[in-house]
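For reference, the structure is listed below as structure tokens.
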There are 2 protein chains.
Amino acid sequence: MEADQLLLEQQLCFPLYAASRQLIRRYRPHLEALDLTYTQYITMLVLWEEQHVSVKTLGQRLYLDSGTLTPLLKQLERKGYLRRFRSREDERVLLVELTEAGRALRERAKPIPALVGSCLPLEPEETAELYRLLYRLLHTDPEQNQT
Amino acid sequence: MEADQLLLEQQLCFPLYAASRQLIRRYRPHLEALDLTYTQYITMLVLWEEQHVSVKTLGQRLYLDSGTLTPLLKQLERKGYLRRFRSREDERVLLVELTEAGRALRERAKPIPALVGSCLPLEPEETAELYRLLYRLLHTDPEQNQT
DNA sequence: CAAAATTTAATTGCTTACAATCGAATTATA
DNA sequence: TATAATTCGATTGTAAGCAATTAAATTTTG
């Protein structure tokens, strides 16, 4: 019986991983117009919600570590969408804040969720259920995340 | 109203992506003992099911392209788990077949799905529902995959 | 207060993803 | 059957992810 569990289709990880990459692929054409990659996009989503965010906070919200975020934030800084600076209160902390260009980008990003969402083959209540299950997976977690 | 859609938590892509990476992280410690990465593991899953698989078929089953698979298969060949050879019928086609070591690895992989699955905070019927929704996402797809 | 422990980002190294392009082999078609 | 189109895998270049390590700043504690 264990044998069956080794079937590709029997492993939850597989459709989760494949569906995730596929959905991200659907964002790509829309994000290209904004000169953003997908990871840069979800980083911007956080920044559009909060004025000042530390790398640590970003990492906690996005489940990403500094090894991923540091080069990504430098890239976004190069593009002119944000500024990076050390906190005066605690020099260990690097804060990130949007530039005017970064805030302006928000308007151009607004249509994207609807554009991507409209081509998903799920009913609203199915989408809601998927959310619920994914957040269950995500939140009930032993070794949370890193920095 | 569009503004709300730009909230990180409102985007399906985000929990999907984060949950996917988190689940893959849970495999890592078990896979390390087999000297496999996660992507190498799902590749082995396919090979444990089929004797000879072409790179194209692998790509279709895993939703990965040759740019990902070529170096990965070379790596698995270096580890001694598989052999790569051109098809005699069609020289464009590269076939992959497990070595004895590759087949033997299957036994050591058997406990992994149960080990990972047991720490998931989902009821069996919830897991089933999650499957169903993920495969809906995955299968109903316009621009399928690449090679 | 000084030393130890902790926190925070940055860096390094390795492995994906994947778009784009290429070259070789095969198939279609004019 | 030549040549045009297609298929297949490999290659290249960019951007993630992430473990492990490091360095600097801060906090704890002896």
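Numbers restart at 1 for each chain; the letters A, B, ... are given by sequence-line order, proteins then strands. These numbers come from a predicted model, not from an experiment.
- By the 4.5 Å heavy-atom criterion applied to side chains, B:Leu69 and B:Thr39 are not counted as neighbours.
- The side chain of A:Thr70 lies closest to C:dA9 when the candidates are C:dC18, C:dA9, D:dA19.
- Taking atom CG of residue B:Asp35 and atom C1' of nucleotide C:dC14, one finds them 13 Å apart after rounding to whole Å.
- Contacts of residues 39-53 of chain A with DNA chain D (heavy atom under 4.0 Å): A:Thr39, A:Gln40.
- One finds a side-chain N or O of A:Arg84 lying less than 4.0 angstrom from the OP1 or OP2 phosphate oxygen of C:dA10.
- Rounding to whole angstrom units, NZ of residue B:Lys56 and P of D:dT6 are separated by 14 Å.
- No side-chain donor-acceptor contact under 3.5 Å links B:Trp48 to the backbone of B:Leu98.
- Pairing each heavy atom of A:Leu23 with each of B:Cys13, the nearest pair is CD2-CA, 3.5 Å.
- A straight line from CG of B:Leu73 to P of C:dT15 spans 14 Å, rounded to a whole angstrom.
- B:Arg83 has a carboxylate O that lies under 4.0 Å from a charged side-chain N of B:Glu97, or vice versa, which qualifies the two as a salt bridge.
- Grouped with A:Val93 in one hydrophobic cluster are A:Phe85, A:Leu95, the linkage being side-chain heavy-atom contacts under 4.5 Å among Ile, Leu, Val, Met, Phe, Trp and Tyr residues.
- Ring-plane geometry between A:Tyr41 and A:Tyr27 is classed as tilted, the angle between the planes lying from 30 to 60 degrees on a 0 to 90 degree scale.
- Residue contacts for A:Glu32: at a heavy-atom cut-off of 4.0 Å it reaches no nucleic acid atom on any strand shown.
- Side-chain proximity of B:Asp65 to the nucleotides C:dT15, C:dC18, D:dA19 is greatest for C:dC18.
- Atom C1' of nucleotide D:dG13 and atom CD of A:Gln75 are separated by 13 Å, given to the nearest angstrom.
- Out of D:dA10, C:dA10, C:dC18, the shortest distance to the side chain of A:Arg28 is found at C:dC18.
- Taking 4.0 angstrom as the limit, A:Ser66 places none of its side-chain polar atoms (N or O) nearer than this to OP1 or OP2 of C:dA9.
- Rounded to whole angstrom, the span from the CG atom of B:Leu64 across to the P atom of C:dT15 amounts to 16 Å.
- The nearest whole Å value for the distance from the CD atom in B:Gln60 to the C1' atom in D:dC8 is 11 Å.
- Closest to the side chain of B:Arg92, out of D:dC18, C:dT16, D:dC8, is D:dC8.
- Atoms CZ (B:Arg21) and C1' (D:dA16) sit 10 Å apart, rounded to a whole Å.
- Taking only side-chain nitrogens and oxygens, A:Lys74 comes nearer than 4.0 Å to OP1 or OP2 of C:dT11.
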Side-chain donor-acceptor pairs of residues 75-82 of chain B under 3.5 Å, sequence neighbours excluded:
{"residue": "B:Gln75", "atom": "OE1", "partner": "B:Arg78", "partner atom": "NH1", "Å": "2.7"}
{"residue": "B:Glu77", "atom": "OE1", "partner": "B:Arg84", "partner atom": "NE", "Å": "3.2"}
{"residue": "B:Glu77", "atom": "OE2", "partner": "B:Arg84", "partner atom": "N", "Å": "3.1"}
{"residue": "B:Lys79", "atom": "NZ", "partner": "B:Asp35", "partner atom": "O", "Å": "2.8"}
{"residue": "B:Lys79", "atom": "NZ", "partner": "B:Gln40", "partner atom": "OE1", "Å": "2.9"}
{"residue": "B:Tyr81", "atom": "OH", "partner": "B:Leu34", "partner atom": "O", "Å": "3.1"}

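- B:Thr37 comes within 4.0 angstrom of sugar-phosphate atoms only, judged by non-hydrogen atoms across all strands, and of no base.
- Toward the 5′ end of DNA chain C lies the nearest nucleotide of A:Leu94, the other residue of the pair B:Leu72 and A:Leu94 mapping further downstream.
- Heavy-atom nearest nucleotides on DNA chain C were determined for A:Asp90 and for B:Glu89, and the one closer to the 5' end corresponds to A:Asp90.
- A salt bridge between A:Glu49 and A:Arg106 is absent, with no side-chain N of the basic residue lying under 4.0 Å from a carboxylate O of the acidic one.
- Closest to the side chain of B:Glu91, from the set D:dT26, C:dA9, C:dT26, is C:dT26.
- At whole-Å resolution of the value, CZ in A:Arg88 and P in D:dA25 are 14 Å apart.
- Each of A:Ile24 and A:Ser87 was matched to the nucleotide of DNA chain D holding its nearest heavy atom; the match closer to the 5' end belongs to A:Ile24.
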